[in-house]
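To start, the structure itself, in structure tokens.
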Protein chains: 2
Amino acid sequence: MTESGRRPRADARRNRERLLAEADAVFRAQGTNASLEGIARRAGVAIGTLYAHFPNRRALLGTLLRQRNEALFDRGADLLDQPSPAAALTAWVHAVIAHAAAYQGLAAMLAEGVDDEASELHQSCVQMTDIGDRLIARARQAGALRRDATGVDIFALMNAAAWIAEQMSAEQAGRLVDLAMDGLLAPTA
Amino acid sequence: MTESGRRPRADARRNRERLLAEADAVFRAQGTNASLEGIARRAGVAIGTLYAHFPNRRALLGTLLRQRNEALFDRGADLLDQPSPAAALTAWVHAVIAHAAAYQGLAAMLAEGVDDEASELHQSCVQMTDIGDRLIARARQAGALRRDATGVDIFALMNAAAWIAEQMSAEQAGRLVDLAMDGLLAPTA
DNA sequence: ACCTGAACACCGTTCAAGT
DNA sequence: ACCTGAACACCGTTCAAGT
């Protein structure tokens, strides 16, 4: 395995980086279900090397998303301090939709990841739900909510909209979000 | 080809029916992306026979959905005569979600079918959108709408909810619909 | 410690040959 | 008129053998 020793061998490190770079390019162009064989080929390594570094597709994807996730969660923390709780919640929903737009098929993997504790994406899905919970709590306290809702409801809306953006268009996804947020937020917001 | 002559040969007719029966069972159990090879095997025919009867997966699926679609559109016609336009629109949304729950993966094929005129499912998708348009027009006339919306918006909501039902749960899909319908329908409804 | 690539078990789709 | 099944071009994943 690649993880056992302390410093990876120089060629292993290079291979890992090339694999990540090509995976990003291929996932961007062809979606998260693109051929792993093709990624290995483009990275100039045998398919076995890809598997040695990343035991499965989700592990590869999870590594690619790590930096992006950090930026997203930083944004979530910022929004928790914003003056208007209702506007913050709406901005959060749009931020996650933009995040999920990185790769076609990502919305499905995220939706799968919330409930699957074994998924490499599980942790980040839980974190998204937590931020949703906190933003909702703030909005409720400010009297900006028209009805009950949880972080999971927000998670579902974000993923549904991200999926609609993939299947139909970003505009159509925006209209779905508008409808749902109209149902959630009190007009006083 | 199978369509050229007037009456199909008896064995061809039998094969076609067995293929449809097995396809329904397999799609129900494994979703719309299940192996066609497996369906042919279960139907006791060679894979070439499946392709002779149905040129692609969507054609097979479209034939399976024909009866189900008729029932759905009859329901839509009924709802257009119902006293409360707002309740009718909500009932329609739930009817389509239940329809899409037949096979895992169907929501994605429907969402694809609206824009793809070459799809065997295109016609039924357009019909769904039309019914949504008419139900919305009735609701607007009755003053039951809070904001602008089109049949396509309703189509997007139905499909998004059907997809959430597949990925998360029917309950979660229901909560999404509740949010969006709250945003769409005026409280006077 | 890491990499290679053959091996295995699957796919979808086409089409020449049969009946 | 219809059916068969080999053929082709792809997959994901594993693992013995190499360096």
Side-chain angles (χ1 to χ4, degrees), chain A residues 1-23 26-27 29-64 103-105 108-109 112 118-120, chain B residues 1-23 26-27 29-64 103-105 108-109 112 118-120:
Chain A
M1 294 298 128
T2 269
E3 308 294 322
S4 57
R6 226 41 185 80
R7 309 197 189 181
R9 227 164 62 181
D11 59 340
R13 188 159 173 31
R14 271 219 332 273
N15 283 338
R16 195 185 129 93
E17 270 165 23
R18 282 209 64 188
L19 280 166
L20 284 170
E22 296 300 337
V26 171
F27 285 163
Q30 300 168 229
T32 57
N33 289 316
S35 159
L36 299 182
E37 183 82 43
I39 291 170
R41 199 163 38 227
R42 285 182 51 154
V45 300
I47 181 64
T49 301
L50 186 151
Y51 278 93
H53 285 275
F54 307 99
N56 56 54
R57 168 176 254 112
R58 279 193 317 270
L60 178 54
L61 197 60
T63 304
L64 281 176
Y103 311 127
Q104 169 111 1
M109 307 206 70
E112 191 191 317
S119 167
E120 285 79 358
Chain B
M1 294 296 133
T2 269
E3 309 293 323
S4 56
R6 225 41 184 82
R7 308 196 189 186
R9 226 164 62 181
D11 58 341
R13 189 157 170 33
R14 270 219 332 273
N15 284 338
R16 196 186 129 94
E17 270 165 24
R18 282 209 63 188
L19 280 166
L20 285 170
E22 297 299 337
V26 170
F27 284 163
Q30 300 168 226
T32 55
N33 289 316
S35 160
L36 299 182
E37 182 81 45
I39 291 170
R41 199 164 38 228
R42 284 182 52 155
V45 299
I47 182 63
T49 302
L50 186 150
Y51 278 93
H53 285 275
F54 306 100
N56 56 51
R57 169 175 254 110
R58 281 193 316 270
L60 178 53
L61 196 59
T63 304
L64 280 176
Y103 312 127
Q104 169 110 3
M109 306 205 71
E112 192 192 315
S119 167
E120 284 80 358

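In what follows, every chain begins at residue 1, and chains take the letters A, B, ... in the order their sequences are listed. All heavy atoms count here, side chains included; hydrogens, waters and symmetry mates do not. Being a predicted model, the structure only gives us computed values, none of them experimental.
- Protein atom OH of Tyr51(A) is 18 Å distant from nucleotide atom C1' of dC2(C), rounded to whole Å.
- Without hydrogens or angle criteria, Arg18(B) side chain to Arg42(B) main chain gives a donor-acceptor distance under 3.5 Å.
- Ranked by how close their nearest DNA chain D nucleotide is to the 5' end, Arg9(B) and Ile47(B) are led by Arg9(B).
- Between Asn15(A) and the phosphate of dC2(C), there is no side-chain N or O to OP1/OP2 separation shorter than 4.0 Å.
- Glu37(A) has its CD atom 15 Å from the P atom of dA9(D), to the nearest Å.
- Each of Arg41(B) and Gly48(A) has a nearest nucleotide on DNA chain C; the 5'-most of these lies closest to Gly48(A).
- Looking at Leu61(B) and Tyr103(B), their side chains come closer than 4.5 Å, going by heavy atoms from C-beta outward.
- Counting to the nearest Å, the C1' atom of dC2(C) and the CZ atom of Arg18(A) are 17 Å from each other.
- Minimum atom distance to the side chain of Thr49(A) is reached by dT4(C), of the listed dC2(D), dC3(D), dT4(C).
- Atom-to-atom, CD1 of Ile39(B) to P of dC11(C) comes out at 11 Å; the value is rounded to the nearest Å.
- One finds a side-chain N or O of Ser35(A) lying less than 4.0 angstrom from the OP1 or OP2 phosphate oxygen of dG12(D).
- In this structure dT4(D) sits in a base pair with dA16(C), meeting the Watson-Crick or G-U test at under 3.5 Å.
- Spacing between atom CG of Leu50(A) and atom P of dC2(C) amounts to 15 Å, rounded to whole angstrom units.
- Asn56(A) has no side-chain polar atom (N or O) that falls below the 4.0 Å cut-off from OP1 or OP2 of dG12(D).
- In this structure, Asn33(B) atom CG and dC11(C) atom C1' are separated by 12 Å, rounded to whole Å.
- In summary, of the residues considered (Leu19(A), Val26(A), Leu50(A)), a side-chain contact (heavy atoms from CB on, under 4.5 Å) with Leu36(A) occurs for Leu50(A) alone.
- Comparing the P positions of dC10(D) and dA9(C) gives an interatomic distance of 22 Å, to the nearest angstrom.
- Side-chain nitrogen and oxygen atoms of His53(B) include at least one within less than 4.0 Å of the OP1 or OP2 phosphate oxygen of dC3(D).
- Rounded to whole Å, the distance from CZ on Phe54(B) to C1' on dC3(D) is 15 Å.
- Between the NE2 atom in His53(A) and the CZ atom in Arg13(A) there is a gap of 11.0 Å [rounded to 0.5 Å].
- A side-chain donor-acceptor contact under 3.5 Å links Arg57(A) to the backbone of Thr32(A).
- A straight line from CD of Gln30(B) to P of dC10(C) spans 13 Å, rounded to a whole angstrom.
- Of the listed nucleotides (dT13(D), dT4(D), dT4(C)), dT4(D) has the atom at the smallest distance from the side chain of Ala46(B).
- Pairing for dC10(D) is absent, with no Watson-Crick or G-U wobble pair whose two atom distances lie under 3.5 Å.
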